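First comes the structure, then the notes that go with it.
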Amino acid sequence: MKENSSLKVPFSRPSISQEEEIGVLDVLRSGWLTTGKHALAFEKEFSYFMNKVSDSVIEERKKAGLSVDDVMSLAVNSNTSGMTLAMEACGVKAGKAVITTPYTFVSTAACAKRLGADVYFADIEKDSYSIDVEKVEELLAADKDKKIVAVVPVHIAGNICDMERLVKAAHKYNVKVIEDAAHAFPSLTKYGYAGSICDAGVFSFYVTKTMTTAEGGMVCVRDKKLYERMAVMRMHGMDRTTWDRYTSPRASWEYDIVDLGWKFNLPDILAVLGRVQLVQAKDFFEKRKKIVKLYNKEFSKLDFVQLPPDGEGNAWHLYLCRLNLEKLKINRDDFAKALQKEGIGISVHFIPLFHFTYWKNLDSSFNEKNFPNAERQYQRTISLPLWPDMTEEMAETVIAAVKKIGVANHA
């Protein structure tokens with residue numbers, strides 16, 4: 001991907017140091033590039049990170065009747081792959097259904113459809129981007145045929161959904177909860193890290209995320225049966241890993257295929273990036289928060305901007321600038337284009353799924369009229385640059401551009 005050299009401030013840029021470069025060179029020189037010792041070590045180190053929480057978090061989990069077993073982690077080649085594995089292990093298949101939000105990237109719902117399941121959508125909350133638990137409860141209560149087997153909340157921009165209420169509601173109906181935590185690392189709530197309170201949580205390490213392996217993700221579970229199922233299905237339904245086949249005394253060609261799986265493994269050349277990035281994750285997080293603080297301080301003074309939702313454990317993957325359109329003479333698209341002309345890299349998260357041809361064709365009732373909160377947030381939201389190595393000067397450039405455009409187009 002070629003960087004746009006005309007931009008004063010890129011939308012995102014990965015933080016890559018000499019340590020990552022050394023790690024990749026070591027893997028290249030080792031002769032073992034696919035899933036091996038680095039992927040296995042990355043899983044162990046990620047599990048350690050997830051499990052290293054205070055005694056107070058453990059007590060909170062006990063009080064809520066939640067498992068205090070250690071989190072187990074599986075490295076995968078994308079969040080999409082991880083979501084597919086988690087859904088399949090949780091019983092998502094033809095004749096079943098999942099509940100999720102229309103305000104997400106397409107893969108969240110697409111994974112369920114590829115497994116043959118139906119997708120029921122719940123609108124987001126009026127004042128946030130999080131799935132509305134009341135709408136989820138309505139869908140669960142109306143499911144007389146017991147088709148729904150999983151609820152899939154999405155932590156948009158890293159701001160955590162109301163997981164306590166959501167898990168309680170889902171488990172009342174014996175329904176699994178799979179967190180799409182693509183944006184949520186390294187979020188920490190009173191129940192531990194995002195991905196810890198539910199039946200399965202899936203993170204993304206795509207190049208724009210809070211830490212990166214270029215492409216990749218991690219599935220976290222506490223249930224050993226779910227873990228074992230996903231471990232097998234991750235690699236063609238094979239009962240042995242590639243690393244085991246080629247490093248153990250047992251013949252490499254001796255294996256069994258126990259089911260029809262996928263090829264969702266994370267290779268060492270990417271896993272080594274994750275190992276280095278994981279060590280820096282908390283530092284990355286603190287740097288992101290400094291930029292957020294600068295944005296919030298200045299944007300709170302503007303009547304044409306509303307600050308992003310914030311709550312316990314916000315990972316601040318994205319800075320969602322919400323425009324008060326009633327204070328402006330232009331719409332979101334025009335504002336976004338004006339920012340680009342000022343050399344600011346921006347994006348929009350997300351286009352609700354009911355705007356896409358595939359999803360519209362599935363059900364005529366799946367439209368903006370029936371999901372007014374998702375539509376309203378979409379029409380006024382712009383994602384501004386936010387990445388660890390952004391300088392204060394870059395943040396000030398973004399702020400100045402927002403102010404300039406807003407003042408020039410104030411209603």
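Here the structure is a predicted model, which is why all the values come from computation and not from measurement.
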query: Mind checking whether Y129 and P309 have side chains closer than 4.5 Å, heavy atoms only?
result: yes
Salt bridge or not for [X] and [Y], using N-O below 4.0 Å?
{"X": "E59", "Y": "K62", "result": "yes"}
{"X": "K135", "Y": "E125", "result": "no"}
{"X": "K289", "Y": "E286", "result": "yes"}
{"X": "D118", "Y": "K147", "result": "yes"}
{"X": "E45", "Y": "K52", "result": "no"}
{"X": "E312", "Y": "K190", "result": "no"}
{"X": "K337", "Y": "D333", "result": "no"}
{"X": "K224", "Y": "D69", "result": "no"}

[X] and [Y]: side-chain donor and acceptor closer than 3.5 Å?
{"X": "D199", "Y": "H171", "answer": "yes"}
{"X": "H355", "Y": "E368", "answer": "no"}
{"X": "N373", "Y": "Y378", "answer": "no"}
{"X": "H410", "Y": "D303", "answer": "yes"}

message: Donor-acceptor pair, distance only, cut-off 3.5 Å: does the side chain of S196 make one with the backbone of G192?
response: no
query: Judged by atom type as modelled, is there a donor-acceptor pair below 3.5 Å linking the side chain of E60 to the main-chain atoms of D55?
result: no
- request: With rounding to the nearest 0.5 Å, note down the distance linking CG in L115 to SG in C90.
  value: 11.0 Å
message: Show the nearest heavy-atom pair for residues E298 and K403, with the distance to one decimal.
response: OE1-NZ, 2.9 Å
message: Here's one to test your reading of the geometry: is the NZ or CZ of K282 within 45 degrees of the ring axis of F49 and under 6.0 Å from its centre?
response: yes
field: Aromatic plane relationship, F205 with F46 - under 30° parallel, 30 to 60° tilted, over 60° perpendicular
entry: perpendicular
